[in-house]
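Chain A is the first sequence line, chain B the second, and so forth, proteins listed ahead of strands; every chain is numbered from 1.
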Amino acid sequence: MAFEKDFNLDVTELRLGLPGTSEESEKQASTTLRISNKRAMPDMNEDSSVAADKKCDQETAPPTKAQVVGWPPIRSYRKNSLQTKKTEAETCGMYVKVSMDGAPYLRKIDLKMYKGYPELLKALEEMFKFKVGKYSEREGYNGSEFVPTYEDKDGDLMLVGDVPWEMFINSCKRLRIMKGSEARGLGCVV
Amino acid sequence: MSEDDERQQSPPSDLDFVSTKARNCNATGSGSAYPDQVLNNVLENVLHFLTSKRDRNAASLVCKSWYRVEALTRSELLIGNCYAVSPARVTARFARVRALHLKGKPRFADFNLMPPDWGAHFNPWALAMAKAYPWLEKVHLKRMSVTDDDLVTLAELFLGFKELSLVCCDGFGTGGLAIFVNKCRQLKVLDLIDSEVTDDDTDWISCFPEGESHLESLIFDCVECHVNFEALERLVARSPSLKKLRLNRYVSIEQLYRLMIRAPQLTHLGTGSFSPSEIAGQGDQEPDYVNAFAACKSLVCLSGFREIIPDYLPAIYPVCANLTSLNFSYANITAEQLKPIISKCHKLEVFWVLDSICDEGLQAVAVTCKELRELRVFPVDAREDSDGLVSDVGLRAISEGCRKLQSILYFCQQMTNAAVIAMSKNCPDLVVFRLCIMGRRRADHVTGEPMDDGFGAIVMNCKKLTRLAVSGLLTDKAFDYIGRHGKLIRTLSVAFAGDSDIGLKYVLEGCPQLQKLEIRDSPFGDAALRSGLHHYYNMRFLWMSSCSLTRHGCQEIAHAMPHLVVEVIRSADEEEMDTAAEILYMYRSLEGPRTDVPKFVTIL
């Protein structure tokens, strides 16, 4: 009877409270030892004591941490709502084309890979071997031949860095690294 | 002749009639001491399911016969378990019911622990009510299966139907909704909360009748399908009494704006997605969201933010000072994004949030929200081995800042006894304490001790505690504490805890007010089950899944207690003759075994 129960254990992981997996901290391991002493006491229910023996054997080979049904106790609606956002974010990616004036071919980057403008600009600099210069709200990019721009949802050419990051990645359709001479009028001083 | 006149009479003849009927019912009983007790308990609880504190206090002051007569003339019926009593019995006994509250499945069904199609069908109730109470105005269902036909029944057979509230229900779709809203000409309230609604591709919002509507509350944030926005806008425009509006995530922030300017009288608002729609080219001018919120001078309850773009959060600044309830539990925001909002929410009493705000965010809550009564912290990543974003630090901060706290639900990855003990001392008004340490059987992460002492302190120091959910590494000692000190506990949730039968014995023998006990994956067996025989008729239900029970043990209980329905539920593919009882769900009932049992349920 107890054997039959064991086959269900992967799903329900019925155990008598001994954490035995490798992911638990060392402190818990010591707790495990303490608890074991308690469990040596005679048990009222024959079933659980038989099961207890089985558990002790199993402690030497801790099961992998499979996700247990219904744990943690969060309703599926809530889990799915947050999950879809995560998976959409993780799997879809936000690939946009990047062109550079004078370069023979375009590149593509995933905007979701970057947490903000500094990381994005650094990646562009490395990809195309150039420097962007210093950004200021009034003057745009100062001190460089090249200016990062992008085309937004409305088809307008915009300067990278003006809007908050979240808004930028939601509205950016493609990136264009312009030569400074063309960028006059976007507030850039060469 | 109005209903009100009848209600004011307190005829003693009614009481005699009922007593006689009750005695007749008992005559066919088994002759043991229990049937009377069951009849009294069940019926009294059926009659006496009160939700407001004031009503409870009033009821406790009256004598028993006055209490019964008052209950007989009651127009609102609250039934905590739809299988405890049958529609026929209810309609035979009560003549003047205007409102029905009905609850079906046990709470653990929410977490996929029960196979689907277990039961809790509204249909027999709908049909019985239609015959007996054609003047029924209000139906409130929780965890019931409701079909489209049931919705049609409500709409067609109850002429003055006013309020429908479906919480955690399923089985119906937009098709049924369409007919319902179209035919209920007096509809004031349609609240769909956490329910599963099938997308039948029906534009139900357009089906509200033309002309001025009586709508006071329209809640559909759980409905996962597009709505016809133009129809919705027209509906809101012709609903001058509308106070509560909670939109689903398919409503963009631009659309929200248009609705808000039409309904500045709103008190409760669910904002929908709170992000712009995909469609570009709305023009360069963004609507003045701040102004729209500022115009809603009566707004006290804010929720939604289903797909939030945090840049838009400052729009809600104008209403923060008046908010008593704020639900950010779908908004993945950081502490930095929360702080400017929460620092304005001085009146906040209810706050639901995601752990993305981290301990730092909770510290900010503790600084400002001195009136906080209820806090729920949900996990962004609901897995055992996810990164813990909140911890004992956040819990302790809340306990120190929010001394009036009454109810807490806290998901975390690690906790300490010290923090829980601190909360037990700082927040003596706690009525509900639900701590979910997501890693199963996790000990105190600082001392390595079990979490026994923390929960022990809660039951010892929080003298008003009626609801408790435990987690983490727990030995039988924790249950000893609960049995000794948890004298007012009515609901207890246990998962992956305890060492032996003694744990459950402590609870069943020690907690006289226990009504609802739900246990999963804990080493409690048949002997422990036997120790509760004296108490099961006083309980609404007992749920035990993946414990150490056998069919034989459950059978013993069923034999000993004829008015208890003992269901053994197995997963769909298991053999019937399995000796282990995978899921035990038992509840008192006047009706005996139900007739709508699915294949995977055996009633012993």
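- Legend: salt bridge (charged side-chain N to carboxylate O under 4.0 Å, His left out) pairs involving residues 95-106 of chain A, not counting sequence neighbours, sorted by first then second residue: A:D101-A:R176.
- Using a 4.5 Å cut-off between heavy atoms, B:I437 touches chain A through its backbone atoms (N, CA, C, O) alone.
- For B:F378, the part lying under 4.5 angstrom from a heavy atom of chain A is the side chain only.
- Here CE of A:M167 is found 4.5 Å from CG of B:D311. Values are rounded to the nearest 0.5 Å.
- B:P379 touches chain A through backbone and side chain together, each having a heavy atom under 4.5 Å away.
- With a 4.5 angstrom heavy-atom cutoff, A:N170 touches chain B only via side-chain atoms.
- Side chains of A:L82 and B:L354 form a contact here, defined as non-hydrogen atoms less than 4.5 Å apart.
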Side chains of residues 69-78 of chain A: which donor-acceptor pairs under 3.5 Å do they make with residues two or more places apart or in other chains?
unit_1: A:W71; atom_1: NE1; unit_2: B:M438; atom_2: O; d: 2.8
unit_1: A:R75; atom_1: NE; unit_2: B:D110; atom_2: OD2; d: 2.9
unit_1: A:R75; atom_1: NH1; unit_2: B:D194; atom_2: OD2; d: 2.7
unit_1: A:Y77; atom_1: OH; unit_2: B:D221; atom_2: O; d: 3.2
unit_1: A:Y77; atom_1: OH; unit_2: B:E224; atom_2: OE2; d: 3.4
unit_1: A:Y77; atom_1: OH; unit_2: B:R306; atom_2: NH1; d: 2.6
unit_1: A:R78; atom_1: NH1; unit_2: B:S329; atom_2: O; d: 2.9
unit_1: A:R78; atom_1: NH1; unit_2: B:S329; atom_2: OG; d: 3.1
unit_1: A:R78; atom_1: NH2; unit_2: B:S329; atom_2: OG; d: 3.1

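- Counting non-hydrogen atoms of neighbouring residues, nucleotides and ligands closer than 6.0 angstrom, the CE atom of A:M127 exceeds 12 such neighbours.
- For A:E151, the CD atom counts as densely surrounded, since its 6.0 Å shell holds more than 12 non-hydrogen atoms of other residues, nucleotides or ligands.
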